[in-house]
Student: 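My questions all concern the structure below.
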Protein chains: 2
Amino acid sequence: MKELLDYFKNLVSISPEIENKLNEIVKERNLVKGEQILADNSSKKEHIFVVSGCLRSFYKTEDGKEHTLQFAIKNWWISDYITLYTDKKSIVSIESLTHSKVLIIDNSNVEKFYQEFSQFEIIQRKNFEKRIAALQKRILSLLALTAAEKYSQFIEDYTEFEKIIPNYQIASYLGITPQSLSRIRKERIKN
Amino acid sequence: MKELLDYFKNLVSISPEIENKLNEIVKERNLVKGEQILADNSSKKEHIFVVSGCLRSFYKTEDGKEHTLQFAIKNWWISDYITLYTDKKSIVSIESLTHSKVLIIDNSNVEKFYQEFSQFEIIQRKNFEKRIAALQKRILSLLALTAAEKYSQFIEDYTEFEKIIPNYQIASYLGITPQSLSRIRKERIKN
DNA sequence: TTAATTTATTACCATAGGTTCATATTTGCT
DNA sequence: AGCAAATATGAACCTATGGTAATAAATTAA
């Protein structure tokens, strides 16, 4: 909880009143490695804030292939935005890659929270702006780059992640197979 | 201008004061087919609202290949989010696919507008929520679908666009070549 | 209406990356 | 430490899609 307060305090001043309200609506949860927090086909509308550890949101196709949407570490938000913000049924799962600690806020509470403390509209709007730019950038990469280029960019942009995340999941984030990533990594060592 | 007011009035009540302010900051512009509104390497931070016609945001690689980020018709917003919301230099261009009419608002004015009329924070936040869900969905498609599947989904989701947009630009949106799209379309007719 | 230009299709070959299957290597557990 | 499970690499082959180039069709301009 303290961590989320610190996160917010970096952005806006927090009154005792707000702090109380936050305490009311935030649920703390510890996750073991591999634990799933949000299963596909659940329709829970939840915002997840990572306190420690690393989480991943992903989509599993019928034939069992996984596609990673997002990784998140300390101070990142991770959620299934399709469930949160559309009426479509969820197809996304979120799991913990390490032992992690997260804070969970139900979306209905978030909505109420906005109404009571309008300054959080601003925080969230700015948060969304950055996220939209990041998503747009990711789409550009998926459209324009080769597998090797996507990997290089990933390494550059997500240095902190590289050590924590298994390669086969990085591959699934880049939209390639683990075997292909292996080939690419081999090439990189040569050059 | 009326069109933007109508758009907003669907979401929130508009006072004469707000209407005046909007009139001040909104620039109207007519575009002919093929006209570029935002060139890559400009760093203009602008929000574009489409009144009529159709626009496209895209990225051009050094070897001249184009990758389409977004199409927008009546009542859609289109912008270069990387320029708007990060410090990175722009690599995205926006052009008109038809004769179009757009409204342009400079981002500095938008920021001021938020401050004066906080209810627009809410509108924008909700607008962003939908956009994020849509972007996440697009990433899923790019990761998980074959070229043929991506095309089918496009046709389904963007029926209105299909008639306006040339196939080679649809291809560039799907991340495939026009030739490849041609093959796919031929297959579809057979089945 | 005709010529010029842009867009779409077709065909044929090339290749990045997928598939399959086997083998290392690493990690976690007791 | 030693075994099992998870992850990574490797090699051989395959396929979806890209590249190139030529032609056809459609759109635009004159």
Side-chain angles (χ1 to χ4, degrees), chain A residues 31-36 53-54 56 58 61-68 71 95-100 141-155 161-191, chain B residues 31-36 53-54 56 58 61-68 71 95-99 141-152 154-155 161-191:
Chain A
L31 304 168
V32 298
K33 182 174 174 173
E35 188 170 353
Q36 206 136 315
C54 183
R56 169 175 90 109
F58 64 99
T61 55
E62 285 136 37
D63 56 333
K65 271 169 215 148
E66 289 184 359
H67 302 279
T68 298
F71 297 109
E95 68 168 16
S96 186
L97 300 187
T98 60
H99 180 90
S100 306
S141 309
L142 289 172
L143 288 177
L145 303 185
T146 64
E149 288 166 339
K150 284 187 280 185
Y151 181 61
S152 296
Q153 196 183 68
F154 180 85
I155 297 285
F161 288 22
E162 205 208 331
K163 298 133 200 167
I164 313 169
I165 301 170
N167 285 330
Y168 77 93
Q169 288 183 5
I170 294 178
S172 91
Y173 179 89
L174 302 176
I176 60 176
T177 58
Q179 291 87 336
S180 197
L181 182 53
S182 236
R183 266 192 297 232
I184 289 161
R185 287 163 51 79
K186 195 179 166 189
E187 276 306 307
R188 283 170 63 92
I189 292 163
K190 277 205 288 184
N191 309 327
Chain B
L31 305 168
V32 299
K33 182 174 175 173
E35 188 170 352
Q36 205 137 316
C54 183
R56 169 175 89 110
F58 63 100
T61 55
E62 285 136 38
D63 56 333
K65 272 168 215 149
E66 288 184 359
H67 302 278
T68 298
F71 297 110
E95 69 168 16
S96 186
L97 300 188
T98 60
H99 180 89
S141 308
L142 290 172
L143 288 177
L145 303 185
T146 64
E149 289 166 338
K150 284 187 280 184
Y151 181 61
S152 295
F154 181 86
I155 297 285
F161 287 24
E162 206 209 330
K163 300 132 198 165
I164 314 169
I165 302 170
N167 286 331
Y168 78 93
Q169 289 183 6
I170 293 178
S172 91
Y173 178 89
L174 302 176
I176 61 177
T177 58
Q179 292 86 335
S180 199
L181 181 55
S182 234
R183 261 192 305 233
I184 289 161
R185 287 162 50 79
K186 196 178 166 190
E187 277 305 308
R188 283 170 63 93
I189 292 163
K190 277 205 288 184
N191 309 326

Student: So do A:E35 and A:S100 actually touch side chain to side chain, heavy atoms under 4.5 Å?
Tutor: no

Student: Please confirm whether the backbone N or O of B:P166 pairs with a side-chain atom of B:Q169, one donor and one acceptor, at under 3.5 Å?
Tutor: no

Student: At less than 4.0 Å, is any side-chain N or O atom of B:R185 found next to OP1 or OP2 of C:dT9? Yes or no.
Tutor: yes

Student: What contact category does A:G34 fall into here, base, sugar-phosphate, or nothing, at under 4.0 angstrom with non-hydrogen atoms?
Tutor: nothing

Student: Verify the contact: side-chain N or O of A:T177 to OP1 or OP2 of C:dG17, cut-off strictly under 4.0 Å; return yes or no.
Tutor: no

Student: Starting at NZ of B:K163 and ending at P of C:dA8, how long is that distance when rounded to a whole Å?
Tutor: 16 Å

Student: Rounding to a whole Å, what distance do you find between B:Q169:CD and C:dT7:P?
Tutor: 7 Å

Student: So which nucleotide from D:dG19, C:dT9, D:dT28 ends up closest to the side chain of B:K33?
Tutor: D:dT28

Student: Among A:T61, A:L142, A:T68, which one satisfies side-chain contact (heavy atoms from CB on, under 4.5 Å) with B:L143?
Tutor: A:L142

Student: To the side chain of A:P166, which of D:dT7, D:dG18, C:dT10 is closest?
Tutor: D:dT7

Student: Could you tell me how far apart B:R183 (CZ) and D:dG18 (P) are, to the nearest whole angstrom?
Tutor: 7 Å

Student: Side-chain N or O of B:K186 less than 4.0 angstrom from OP1 or OP2 on C:dA8?
Tutor: no

Student: Rounded to the Å, how far apart are A:E149 CD and C:dA16 P?
Tutor: 12 Å

Student: Does B:N167 have a side-chain nitrogen or oxygen under 4.0 Å from the phosphate oxygens OP1 or OP2 of C:dT7?
Tutor: no

Student: Can you check the A:Y151 OH to C:dG17 C1' distance for me, whole Å?
Tutor: 17 Å

Student: Quickly work out the A:L97 CG to D:dT7 P distance and round it to whole Å.
Tutor: 10 Å

Student: Between C:dC12, D:dA11, C:dG17, which one does the side chain of A:Q179 approach most closely?
Tutor: D:dA11

Student: Can you tell me how far C1' of C:dG18 sits from CG of B:L145, to the nearest Å?
Tutor: 16 Å

Student: CD1 of A:I155 to CD1 of A:I170: how many Å apart, nearest 0.5 Å?
Tutor: 6.0 Å

Student: So B:S182, base contact, sugar-phosphate only, or nothing? Heavy-atom distance under 4.0 Å.
Tutor: base

Student: For the side chain of A:I176, starting at C-beta, report the closest nucleotide among C:dG18, C:dT19, D:dT17.
Tutor: C:dG18

Student: Starting the side chain at C-beta, find the nucleotide from D:dG19, D:dT17, D:dT7 nearest to A:Y168.
Tutor: D:dT7

Student: Checking ring-ring contact (aromatic ring centres under 6.0 Å, His included) against B:Y173, which of B:Y151, B:F58, B:Y168, B:F71 comes through?
Tutor: B:F71

Student: In whole Å, I'd like the distance from the CD1 atom of A:I184 to the P atom of D:dA8.
Tutor: 14 Å

